[in-house]
Amino acid sequence: MKINGSKAVMESLVNEGVDTIFGYPGGAIMPVYDALYDYRNKIHHVLVRHEQGAGHAAEGYARLTGRPGVALVTSGPGATNLVTAITDAMLDSVPIVCISGQVAAHLIGSDAFQEADVIGITAPITKWNYQITKAEEIPEVFAKAFHIASTNRPGPVLIDITKNAQIESFNYFYKQNPKIIGYKSIPEPEPNKLKEASNILNSAKKPLMLIGHGILISKAEEALVKFIEKTGIPTASTLHGLSALSSNHPLYMGMLGMHGNYGPNLLTNEADAILAVGMRFDDRVTGRVSDYAKNAKIIHVDIDPAELSKNVNADIAIVADAKKALTGLYPMVKKNNHTAWVKKFNDCYKKEHQKIITHETHPKSGKITMAEVIHMLSLKTKGEAVIVADVGQHQMVAARYYKAQKTDSFITSGGLGTMGFALPAAIGAKFAKPEREVVAVIGDGGFQMNIQELATLAQEQIPVKVIILNNNFLGMVRQWQELFFDNRYSFVDLKNPDFIKVCKGFFVDGERVEKREKLSKELDKMLDSKKPYVLEVKVRKEENIFPMIPSGAAVDEIRLE
């Protein structure tokens, strides 16, 4: 059929199964928005209030569906406002397709109004980007974009479309899953390497399994449970691996990393074999890398060959999808248990519980703690809500104290650590899974970074719940200044607005709670609401998050205080 480029964009989105897009219109993308007007019964457009919000909302959508989220913006500042979200998606392996308008092809390079070199800007932070200058390029480029974003290691792609290409007409034909020269599918795991890995695991006395985001991306949760229940290997999770394994599973030992659980960090350097699946050994996990896991044979499984032996040398490096690797390993490993080794982790947890957890979740006096809020939320939602955490102290508290029982229950910005992520990402997550309770947990600093998306919530009237843990500080920076900079609090004290008045100005319901005896009732009120709702909780002003591995320290130098 002969159609113009703008309608071709819409048809291509429909062919890829897109039902929701997040965007903000402008001059250079206006023809596409005009075409979108006729597709409102097929594609729901969410009008965000800032393009960064569109990118993060697309991330939230993608994290729960596994399909690419879509952001649609105009040229110049519209596209450059997406850069943070694109980088965030790149570091966290989230599939998003970003579509930006561009000035007409004959104006490129002339410094035309709202022109920016979006291809040059985004080349280092995308899996692939492409500038369309002719309408007939649209079907092939869109098919490639969705294929690249969602296959192998997922990630962001960007399509920049000149205004003339949106207007020109051509004969449209669409073919999904194109063959792309130089873009190879991940091979099946090598049987000989699986055999070598199984030999190490079968003979290990103190094996440890580390799981990351790759488990969730490949939908390997069931394969993971079967594998660890056969081998008896204690298992710990990265921040992005949270909810891949139920927190109640007897072989789940907690979270790795700077503010992770005591046992998985302390005992890493005692392990004689480490099986790492779908994680990348980033610095927040390894601590001082020269002293990381010196006693262990390391088996590293990752879909991206560039991650293997990048930070930590792997004795056996397996390029594979996480699910295929675990399924292939399963018949090769022996039925086993490691009772004495598992007991060491449990003993560490008891020590952590006695020293930290009990006092944080059940304080006897003083102001409300962040931990007791999350602990209570976890109990009230039975660990089945989707928690979307922003970045800072509250993020680590949410990761530590929300006991996820369902898969895909924890979303956050990990690699980039983007403050302002949670509110728009929660909006995207709710559109992805409207039947699930979605709760954004945000600090008072991060909340103000994308506070304008309250207007998006109000306009869409989707029941996203927001908890602001307000300590009037940039809490994580303040903690570091206290511990490592002699209490020199340099520009971290926040004079905040009245958040509840601000919410009401956006026509979003909200309440503030300052007294412990009212917390439970207010959480119930929030969870019972059928509309967007913000609960501000005034928490301890100088609360620190422990355990903690100081920057530059080894994992077994983790501090409980």
Side-chain angles (χ1 to χ4, degrees), residues 84 87-88 91-92 208 210 212-213 236-242 254-271 274 276 279-296 298 307 310-313 348 351-352 355-356 360 370-371 389-401 412-421 443 445-446 469 471 473-494 540-561:
T84 296
T87 312
D88 194 273
L91 283 170
D92 289 346
L208 175 61
L210 311 179
H213 194 193
S237 167
T238 67
L239 182 68
H240 277 314
L242 291 173
M255 184 174 72
L256 299 158
M258 183 172 280
H259 292 286
N261 291 101
Y262 188 51
N265 285 303
L266 183 72
L267 298 176
T268 290
N269 283 359
E270 200 174 313
I274 289 178
M279 54 88 72
R280 56 189 179 89
F281 287 113
D282 70 281
D283 59 294
R284 286 296 173 102
V285 164
T286 64
R288 187 170 64 241
V289 72
S290 60
D291 289 318
Y292 181 78
K294 301 297 275 187
N295 297 314
I298 293 178
E307 294 296 345
K310 184 176 82 173
N311 298 325
V312 173
N313 187 60
C348 285
K351 185 175 182 180
E352 181 182 346
K355 190 86 175 176
I356 299 171
E360 291 295 317
M370 290 183 277
D390 213 77
V391 172
Q393 283 185 317
H394 63 279
Q395 175 191 34
M396 295 296 102
V397 171
R400 284 177 51 77
Y401 293 103
T412 194
S413 168
L416 196 61
T418 306
M419 291 176 67
F421 168 87
L469 296 176
N471 57 12
F473 267 129
L474 295 175
M476 189 62 85
V477 181
R478 184 213 58 77
Q479 177 170 334
W480 279 54
Q481 289 176 344
E482 176 189 333
L483 297 176
F484 309 118
F485 292 87
D486 299 321
N487 290 290
R488 289 161 60 88
Y489 290 175
S490 182
F491 302 100
V492 289
D493 202 338
L494 296 175
R540 287 183 185 172
K541 195 166 172 63
E542 296 183 76
E543 182 180 349
N544 287 335
I545 311 302
F546 286 102
M548 181 179 185
I549 303 170
S551 181
V555 287
D556 56 5
E557 294 171 350
I558 187 169
R559 292 169 51 173
L560 287 173
E561 58 186 357

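All of these numbers come straight from a predicted model, not from anything done at the bench. In what follows, residues are counted from 1 in the order of the sequence shown. Just so you know, these numbers use all the heavy atoms, side chains as well, and skip hydrogens, waters and symmetry mates.
Under the rule for a salt bridge (Lys or Arg N to Asp or Glu O under 4.0 Å), the partners of K541 that lie at least two apart in sequence or sit in another chain are D493. With sequence neighbours excluded, no residue forms a side chain to side chain donor-acceptor pair (under 3.5 Å) with D282. In this structure, the ring pair (Phe, Tyr, Trp, His ring centres under 6.0 Å) partners of F484, at least two apart in sequence or on a different chain, are W480. Partners of E270 by salt bridge (Lys or Arg N to Asp or Glu O under 4.0 Å), not counting sequence neighbours, listed by chain and number: K206, K344. Under the side chain to side chain donor-acceptor pair (under 3.5 Å) criterion, N265 pairs with no residue at all, not counting sequence neighbours. Residues meeting the salt bridge (Lys or Arg N to Asp or Glu O under 4.0 Å) test with E543, sequence neighbours left out: none. Residues satisfying the salt bridge (Lys or Arg N to Asp or Glu O under 4.0 Å) test with R559, not counting sequence neighbours, are none. Looking at residues two or more places apart in sequence or on another chain, you find no ring pair (Phe, Tyr, Trp, His ring centres under 6.0 Å) involving F485. Residues that satisfy the ring pair (Phe, Tyr, Trp, His ring centres under 6.0 Å) test with Y292, not counting sequence neighbours, are F281. Here R280 pairs with nothing under the side chain to side chain donor-acceptor pair (under 3.5 Å) rule; sequence neighbours left out. A search for side chain to side chain donor-acceptor pair (under 3.5 Å) contacts involving T412 returns Q395, not counting sequence neighbours.
Side-chain contact check for V312 versus V289: some heavy-atom pair is nearer than 4.5 Å. With contacts defined as side-chain heavy-atom distances shorter than 4.5 Å, the pair M419/M476 does not qualify. Counting only heavy atoms from C-beta outward, the side chains of T84 and T418 approach each other to under 4.5 Å. No side-chain heavy atom of I356 sits under 4.5 Å from any side-chain heavy atom of K351. Annotation: side chain of I545 is in contact with side chain of V397 (closest heavy-atom distance under 4.5 Å). With contacts defined as side-chain heavy-atom distances shorter than 4.5 Å, the pair T238/H213 does not qualify.
S237 places a side-chain N or O within 3.5 Å of a backbone atom of L242 that can act as its donor or acceptor partner. For the pair N261 (side chain) and G263 (backbone), a donor-acceptor distance under 3.5 Å is absent. For E360 (side chain) and A371 (main-chain N/O), no donor-acceptor pair under 3.5 Å exists by modelled atom type.
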Residue pair D283, N311: steps toward the side-chain contact (heavy atoms from CB on, under 4.5 Å) verdict:
CA-CA 8 Å; D283 59 294; N311 298 325; over 6 Å; no

### Message
Is there a side-chain contact (heavy atoms from CB on, under 4.5 Å) between E542 and N471? Walk through the geometry before answering.
### Response
CA-CA 7 Å; E542 296 183 76; N471 57 12; over 6 Å; no

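In terms of heavy-atom proximity, A293 sits nearest to I274 at CB-CD1, 3.6 Å. Taking every heavy atom of both residues into account, C348 and L267 meet most closely at SG-CD1, 4.2 Å.
To the nearest 0.5 Å, atoms OH (Y489) and CZ (R478) are separated by 4.0 Å.
Surrounding NZ of K310 are more than 12 heavy atoms belonging to other residues, nucleotides or ligands, all under 6.0 Å away.
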Mind listing the side-chain donor-acceptor pairs of residues 547-558 below 3.5 Å, one per line with the distance, residues two or more places apart or on another chain?
unit_1, atom_1, unit_2, atom_2, d
D556, OD2, N269, ND2, 3.1
E557, OE1, A554, N, 3.0
E557, OE2, R288, NH2, 3.3

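Checking D390, L416, D92 one by one against F421, the side chain to side chain contact (heavy atoms under 4.5 Å, CB included) holds for a single residue, D390. Checking each of Q479, M258, H259, M370 against M396 for a side chain to side chain contact (heavy atoms under 4.5 Å, CB included) leaves exactly one that passes, namely H259.
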